[in-house]
Amino acid sequence: MSLIEITEVKKRFGDNEVLKGINIDVAPGEVIAIIGKSGSGKSTLLRCINGLETIDEGSISVAGAQLLPDELHLKALRLKVGMIFQGFNLFPHLTAGRNVMLSQMVVKKTPKAEAEGMAKKMLERVGLAHKFDAYPDQLSGGQQQRVAIARALAMQPIALLCDEITSALDPELVNEVLSVVKELASEGMTLLMVTHEMRFARDVCSRVVFMHQGRVHEIGPPEKVFANPATPELKQFLGVIH
Amino acid sequence: MTDFTTWDILRNLLLAARWTVLLSLVSFIGGSLVGVALLFARIGKSGGGRAFVKAYVEIFQGTPLLMQLFLTFFGLGLFGIDVPAWLAAGLALILWSAAFLTEIWRGCVESVAKGQWEASSSLGMGYLQQMRWVILPQALRVAVPPTVGFSVQVVKGTALTSIIGFVELSKAGTMVTNATFEPFTVYGFVALIYFCLCWPLSKSSQILERKLNVAHRNH
Ligand SMILES: Nc1ncnc2c1ncn2[C@@H]1O[C@H](COP(=O)(O)OP(=O)(O)OP(=O)(O)O)[C@@H](O)[C@H]1O
Ligand SMILES: [Mg+2]
């Protein structure tokens, strides 16, 4: 059984068709890297899966439940699927600990003490237990992104969507975030990540999706996609990256 | 003609200044309450509500406060409602303040980064939860200096109500001048009192702005 089923998904912005019929099935525990040129629709696809954009055609289902654009269904979906953004998007007026506690208390109505315990546990998991009381602007980019991961994990999602989560980081901070992601992958978390880190995609991911002009142009295990690109577009893309 | 001492002049002006202060407070507080309601309509989901508030703000920002005072004072009279000057003054100033405050606050809410909406959405929060816990706390911090700054405009705006006959500081200035024939002294004092009311407000707005810029966090 697939955990996430994306079927014939189309998305238009005005008359610009950004997704032109996407089909991807993600099995539980799979780690999928989405690569492709700027503007190929990678972010849009992730945003559709999380309901931040509504789709025009096709269907998306997560753990058997259809994605429908009403508040109740969206909320149910978002409890199952967490999202990490390129720009961290921590709440700047709250400490790291409060950032992780807020949605538990507000959305799940978790009692404060319990939410606090969970926040401590999750911050520890990303190696930031000692930063519980720090405000986001007192943290480095890498630390902020790890808090964002802890915040998503605290909702106990069954899958995480990561949109270029290391692209805004200084090079020396990339690894501390990637190693957290790697850890999650090894614990069996289902991950869909848009990334430019080809090494990481090769080492950690079970499948790589190459998107081109709103379509899944190639899909397969990293060995195959990276070593034997079948299409000239992917060859060119990998050539540019290397 | 009796002789007025400087103290007599000042005393009469200070007594009238109480009404300036009271009218300012009523206008500002009333305007804030109406402004909050308008703000929610302005940034809410209903298209009709948004259009209404947009038009409301444009009308009040696009016409002189003096005309608004006249229209409230004489306009309500047309409906057979006999409005005392204080009521017309209060009502017009409340509606006028609300328009400006709504617009100031809308800017503050929209200054909160789009990513804050997306992150809180992705965590499963609904619209009101996002507003309450994520957006408004951040917008509020940005809103404090311009809001305090606007209160200065309210104080100065009350001066116009003298024209429809409300006896506040400016009106008292005119009346005392008519009795004393010392316009320069009288209006000098009037200006001084306005300054004493307004200066602390604009100064604190500046200080708040600097403070909140340095540490825009909640400690
Ligand atoms: N809100 C929007 N309104 C209009 N057009 C949009 C919107 N969001 C994305 N697009 C368009 O959709 C196309 C795909 O954008 P998307 O952000 O998904 O690309 P991407 O593959 O993530 O690119 P990048 O690598 O630069 O992040 C682009 O042409 C973009 O201009
Ligand atoms: Mg993108």
Side-chain angles (χ1 to χ4, degrees), chain A residues 43 46-47 49-53 70-95 98-109 133-138 144-145 147-148 150-157 159-163 168, chain B residues 36 39-41 43-50 104-148 207-219:
Chain A
S43 299
L46 286 197
R47 293 165 59 82
I49 300 174
N50 198 243
L52 289 175
E53 305 283 358
D70 61 277
E71 282 257 343
L72 252 154
H73 282 89
L74 273 182
K75 189 177 155 185
L77 168 89
R78 285 165 174 161
L79 288 175
K80 293 186 217 161
V81 182
M83 183 146 181
I84 321 285
F85 301 87
Q86 181 174 349
F88 326 136
N89 296 348
L90 291 183
F91 307 133
H93 59 300
L94 301 176
T95 60
R98 287 274 167 180
N99 261 275
V100 184
M101 288 163 67
L102 180 64
S103 55
Q104 299 180 64
M105 290 163 59
V106 170
V107 180
K108 287 188 168 175
K109 316 284 181 215
D133 291 318
Y135 282 88
D137 65 357
Q138 298 168 319
Q144 289 188 50
Q145 193 60 294
V147 173
R151 183 174 68 174
L153 290 177
M155 299 301 278
Q156 299 178 294
L160 274 187
L161 312 172
C162 306
D163 190 0
Chain B
V36 167
L39 173 69
F40 273 92
I43 58 182
K45 282 176 187 153
S46 143
R50 281 203 306 268
I104 291 173
W105 293 340
R106 181 184 64 87
C108 297
V109 168
E110 286 176 357
S111 75
V112 176
K114 200 167 126 259
Q116 296 290 308
W117 286 100
E118 298 191 336
S120 46
S121 289
S122 79
L123 289 163
M125 288 186 214
Y127 178 76
L128 289 177
Q129 295 172 333
Q130 293 176 295
M131 271 294 176
R132 165 67 186 85
W133 298 103
V134 178
I135 306 300
L136 287 184
Q138 294 182 56
L140 213 62
R141 203 147 308 142
V142 191
V144 169
T147 303
V148 176
I207 293 171
L208 281 168
E209 180 159 14
R210 215 170 311 132
K211 270 216 174 112
L212 295 169
N213 268 342
V214 173
H216 51 91
R217 280 184 264 113
N218 184 18
H219 284 289

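Because the structure is predicted, anything quoted here is derived from the model rather than measured. A note on names: the letters A, B, ... follow the listed sequences, proteins ahead of strands, and every chain is numbered from 1.
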Nearest heavy-atom neighbours spanning B:Gln138 and A:Pro92: OE1-CG, 3.2 Å
Gap separating the CD atom of A:Glu53 from the CD atom of B:Glu118, nearest 0.5 angstrom: 7.5 Å
Which atom of B:Gly115 lies closest to which atom of A:Asn89, heavy atoms considered: O-ND2, 3.2 Å
Side chain / backbone / both / neither for A:Phe85 at chain B, heavy atoms under 4.5 Å: side chain
Portion of A:Arg47 that has a non-hydrogen atom of chain B nearer than 4.5 angstrom: side chain
Most contacts with chain A, counted as non-hydrogen pairs under 4.5 angstrom, among B:Arg132, B:Gln116, B:Met125: B:Gln116
A:Leu102/B:Val134 under side-chain contact (heavy atoms from CB on, under 4.5 Å): CA gap, chis, key distance, verdict: CA-CA 9 Å; A:Leu102 180 64; B:Val134 178; 3.9 Å; yes
Engaged part of A:Leu90 at the chain B interface, taking heavy atoms whose separation is under 4.5 Å: backbone
Over 12 non-hydrogen atoms of neighbours within 6.0 angstrom of NZ in B:Lys114: no
Partner chain A: residue of B:Ala119, B:Ser122, B:Ser120 with the largest heavy-atom pair count (under 4.5 Å): B:Ser122
Pick from A:Val107, A:Ile84, A:Leu161 with the largest number of heavy-atom pairs that fall under 4.5 Å of chain B: A:Val107
Among A:Val106, A:Leu74, A:Asn50, residue most engaged with chain B (heavy-atom pairs, under 4.5 Å): A:Val106
Contacting moiety of A:Met155, where chain B heavy atoms sit under 4.5 Å: side chain
